[in-house]
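Nothing here was measured: the structure is a model prediction, and the numbers come from that model. Numbers restart at 1 for each chain; the letters A, B, ... are given by sequence-line order, proteins then strands.
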Amino acid sequence: MNAPSSASTEIPTVYNPKQVEKKWYEFWMREGCFRASSSARKRPYTIVIPPPNITGILHMGHALNNTLQDILVRYKRMRGFETLWMPGTDHAGIATQNVVERSLKEEGLTRQALGRDKFLERVWKWREKYGNTIIRQLQRLGCSCDWERTRFTLDEKMSGAVREVFVRLYEKGLIYRGKRIINWCPRCQTALSDEEVTHKEVTGHLYTIKYAIEGSDEFVAIATTRPETMLGDTAVGCNPKDERYRRLRGKTALLPILNRRLVIIQDERIDPEFGTGALKITPAHDPVDYSLAEKHGLPFINILNSDGTLNEEAGPYQGLDRFEARRRILGELEDRRLLLETKEHVHAVGHCYRCHTVVEPVLSPQWFVRMKPLARPAIAAVKEGKVVFLPERWTKVYLDWMTNIRDWCISRQIWWGHRIPVWYCVGTESCTLKCKEPIVSRTTPEKCPHCGSAALRQDEDVLDTWFSSWLWPFSTLGWPEKNKDLRFFYPTSTLVTGYEIIFFWVARMIMAGFEFMGKEPFREVYIHGIVRDETGSKMSKSLGNVIDPLHVIEDYGADALRFGIVSITSEGQDVYVSKEKLEVGRNFANKIWNASRFVLMNLDEKRAFLKKAPRKASLNSVDRWVLSRLNRVIGWVTASLERCRFNEAASILYEFFWHEFCDWYLEWSKPNIRSKETQWVLHEVLGRSLKLLHPLMPFVTEEIWERLPHEEGVLMRSQWPKVKTGFIDKAVEEEIHLVMSEVQAIRNVRAAWQINPKDFVTVAVRVHRRKETQILQKHSTSIVHLAKVGSLQIGKNIRRPKESAVANIGRVETYVVLSGLIDIQMERQRIETALEDVGKMLKALDGRLKNEEFLKKAPKEVVEREQRRAEELQNRRKLLEENIQSLME
RNA sequence: GGGCGGUUAGCUCAGUUGGUUAGAGCGUCUGACUUACAUUCAGAAGGUCAAUGGUUCGAGUCCAUUACCGCCCACCA
């Protein structure tokens, strides 16, 4: 393939991501670099994207989630897997409907006024216009999804899968229609599943109300947090063991205001300790009351309209909003002196997860999925390790939820979604009893199978959005067809998601995977944290604390964003993002850019020599050092990515590339820059670093790769580097380490004594071991070059020069001549501080070495190492003391 | 009421299976436009690892208790 040519040989000194990112993304797309095929002769690696809502615009949470997936996918691709990242979007029933309704409202319209068909047309139009925004934004992030496969949860094929699943579960008896207490959102005007309700602790009130006892002057006091629900009371209850209420047995209470007669029941489940011990029973608006009512055969009175106003059962309060009704009722009770007490009360109140309105428990006929049978294999699979959570602690959260799973309310009273595939016969003449049964069908039935009537009415409701999402890992691959893609790419490999949707999505996918595919949907679930701002609040538009990833991409580049966000993400912890943290990414991208510029500028025109590795013997020890470090880094980064330790990989690369390769090797290479060996090493280290960095920072690496001589095609399709163990060389690492600390020692003295950076200094080094003498002499040109030394003497018999400061006491003594600048007292202070430190360490060490238990029980290597250290420290102490002496002479 | 996570440098956080003198980035301080990079370079200061107790030759790391912060789950009206 032909890579797009880079403009000129002139390379700007500041990396400009904008143009580069656009160019490469288009190139990758054009060349089909993201495509995956089930006919490939490779092992598959598959990730399905957590489909973002079509209403979504890219926020930091998406940026994190998708960067992590892209890293895995790019890494695996380079490792030689046939890698599929399956993209798509979610129709997001309630969320999308809300958005479109809001825009209708601006036109003075409502969906009811428009009618179902017209409204749906509008939503589809909206989706045509805005539904792919998030996809384009993901592309700007660099996501390497196989976009040609992009799915949408409401596509015809997806809908087919949904109907298939509904019918199968219905026929198996796992889907049923029933009248139960569900969570009702009066604003969205739909039922919600238990998971769609978030409980918030709020400080409300506990009101104690007097209920009169019929035919007496007595009354019973009852505590409630929702006084308006009294309008739906059909009984009063207390614990049978509660002596206080013995007198009420067999009597009847009177509901205040409405004067409804309420039987008084006894039940063990009523807690005599709470409130007054007497309970008002509102069977249609409380789950506990509901089950009490079923048990005791009480009537059910629903007092709410779908919008949260009160209905005709509320008598004088009909038409009022529930909270207004509460206020009025409290006023009325107060006027009638029936309100005994009002006190503050902290309790958990359910809110709609979409619009944050307080939800109402309401008795309502809905469709449910029986979950217990589905949960069984999903629990077993996780226990057996077929599906592994990372971090592992989520396993317990999952299992707890799974074992206490409740039936799933799947019907929604909205229009945007998968219409429930159920029809009812509305024929009148020849109908039999059987005609009352719902007709559940994959396709629209033409007539009632029992009476033959063509008058059929489809269930008005749609399915919960998650009823299509839970099929995602296989529906996207074509299920219920049995095709090659499914055989090849299913089960998928890793699922990457945040913990907030473990119940909504992850758990349900595992159940669906076993139920419909007979296999787990993925082998590994990587759960990352949630993105928060500096203050720790969840980033949200309403709080105005959003750092817009698109702005970051605009200002700093996608690579900067990716690197920045990854490097602050440690396993499963929440992520706090701030602009400053992303600057680290921008700076690093720029560093990579400039280091590469340096290498490219210096590579000779004739580059044939680059193809053949020089003989190891012809490489100097600095070359061998950097190659040794590089190969260690290859191993570390590979291991980190294998274990999904993204931040670890990022920091290993950052440290190596910046602080070893750039800070040291590049500086070192300058004097030898014309040598073929040096050039080969520069090319080698840069090239392999680009590969290692590519999953994290795909754009800048690809751009440089193109300019670097190579024979591998595009970087994203190149091979992941292997560790060349032959290059790992502990001895050479130690050798260079000594030279580096020598340079640092001299620089330290220079800085401490404020020597003008332009001045050369005279340095004398007294060495105590022959090996060290050899090393330092061998590298004396480097030391001179890197520490700006004029004259350097190294030897065993060196004496402290007059007016010199000492550094690096221990293995060697380094004297920097300060003629004139030296301040004896200050130098003495410096040495004494060092002496104190040594003293402290020695004391601790001595204690350990005198401890017989330690000598007996600690491993031999540890003891030996401590002994060696002690010797070194003693030696250092001796030298420091001598230095103070000689200073005083 | 259960469960989980966190508490390490001024700030934000790393710290793999317990073993040299606990690391990074930012910030601070000192210096430098050194021919790849000021989105830079060189150097420095800064920590009794929340508290207590225990296990161990040895604890930031393991165990227990406590405190504070955060999150999740739960039908006490």
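- Spacing of P atoms, B:U61 relative to B:U55, comes out at 15 Å, to the nearest Å.
- In this structure, the nucleotide among B:A77, B:U12, B:G3 sitting nearest to the side chain of A:K396 is B:G3.
- In this view, A:F503 and A:W401 satisfy the ring-ring contact (aromatic ring centres under 6.0 Å, His included) rule, not counting sequence neighbours.
- Between the C1' atoms of B:G10 and B:A51, the separation comes to 22 Å (whole Å).
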Test log, rule side-chain contact (heavy atoms from CB on, under 4.5 Å), inputs A:L330 and A:H205
CA-CA 12 Å; A:L330 286 169; A:H205 300 278; over 6 Å; no
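- Atom name P, nucleotides B:U39 and B:A59: the rounded distance is 46 Å, in whole Å.
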Nucleotides 69-74 of chain B: which of its N/O atoms have a protein N/O under 3.5 Å away?
{"residue": "B:A74", "atom": "OP1", "partner": "A:R406", "partner atom": "NH2", "Å": "3.2"}

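- Dashed line: the shortest gap from a side-chain N or O of A:Q573 to OP1 or OP2 of B:C13 is not under 4.0 Å.
- The ring-ring contact (aromatic ring centres under 6.0 Å, His included) search around A:W753 returns none, not counting sequence neighbours.
- Across the P atoms, B:U28 and B:U66 are found 42 Å apart, a figure rounded to whole Å.
- Shown here are the ring-ring contact (aromatic ring centres under 6.0 Å, His included) partners of A:W636, two or more places apart in sequence or in another chain: there are none.
- Among residues two or more places apart in sequence or in another chain, the ring-ring contact (aromatic ring centres under 6.0 Å, His included) test is passed with A:W184 by none.
- Residue A:K280 is classed as having no contact, given no heavy-atom separation below 4.0 Å to the nucleic acid.
- Within 4.0 Å of A:I568, counting heavy atoms only, lies no atom of the nucleic acid at all.
- The aromatic rings of A:F588 and A:Y654 sit tilted relative to each other, their planes meeting at an angle between 30° and 60°.
- Contacts of A:R868 with the nucleic acid, taken as non-hydrogen atoms under 4.0 Å apart, are absent.
- With hydrogens and angles ignored, the 3.5 Å screen pairs a side-chain donor or acceptor of A:H285 with a backbone N or O of A:P361.
- The side chain of A:P757 has B:A32 as its nearest neighbour among B:A32, B:A77, B:G5.
- The salt bridge (Lys or Arg N to Asp or Glu O under 4.0 Å) test applied to A:E554 returns A:K18, A:R140, not counting sequence neighbours.
- Under a cut-off of 6.0 angstrom, the local environment of NE2 in A:H345 is crowded, with over 12 non-hydrogen atoms contributed by other residues, nucleotides or ligands.
- Projected onto RNA chain B by closest heavy-atom contact, A:V584 and A:M841 fall at different nucleotides, the more 5' of which corresponds to A:M841.
- Taking the side-chain contact (heavy atoms from CB on, under 4.5 Å) definition, one finds that A:I783 meets it with A:V739, A:E742, A:V743, A:I746, A:L776, A:L792, sequence neighbours left out.
- For A:T569, the side-chain contact (heavy atoms from CB on, under 4.5 Å) criterion is met by A:L64, A:V575, not counting sequence neighbours.
- Partners of A:R643 under the salt bridge (Lys or Arg N to Asp or Glu O under 4.0 Å) rule, at least two apart in sequence or in another chain, do not exist in this structure.
- Each of A:N756 and A:M601 lies near RNA chain B, and the nucleotide nearest A:N756 is the one positioned closer to the 5' end.
- Of the possible donor and acceptor atoms, none in the side chain of A:E571 sits under 3.5 Å from a partner among the backbone N and O of A:R645.
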Reading 5' to 3' and counting Watson-Crick or G-U wobble pairs with both distances under 3.5 Å, write the dot-bracket notation for RNA chain B, | for bases paired outside the strand.
(((((((..((((.....[...)))).(((((.......))))).....(((((..]....))))))))))))....
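- Residue-level contact check: A:L600 touches neither bases nor backbone, having no heavy atom under 4.0 Å from any strand.
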For nucleotides 17-20 of chain B, list the nitrogen or oxygen atoms of the protein found under 3.5 Å from its nitrogen or oxygen atoms, one pair per line.
{"residue": "B:G19", "atom": "O2'", "partner": "A:R865", "partner atom": "NH2", "Å": "2.8"}
{"residue": "B:U20", "atom": "O3'", "partner": "A:R869", "partner atom": "NH1", "Å": "2.4"}
{"residue": "B:U20", "atom": "O3'", "partner": "A:R869", "partner atom": "NH2", "Å": "3.2"}
{"residue": "B:U20", "atom": "O2'", "partner": "A:R869", "partner atom": "NE", "Å": "3.3"}

Quick one, give me the B/S/- string for nucleotides 37-48 of chain B, reading 5' to 3', where B means a protein heavy atom under 4.0 Å from the base and S means that only happens at the primed atoms, P, OP1 or OP2.
B-BSSSSS----
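- Regarding contacts with the backbone of B:A24, every side-chain N or O of A:S651 stays at 4.0 angstrom or more from both OP1 and OP2.
- For the pair A:H345 and B:A77, the criterion of a side-chain N or O lying under 4.0 Å from OP1 or OP2 is met.
- Heavy atoms of other residues, nucleotides or ligands lying less than 6.0 angstrom from NZ of A:K670 number more than 12.
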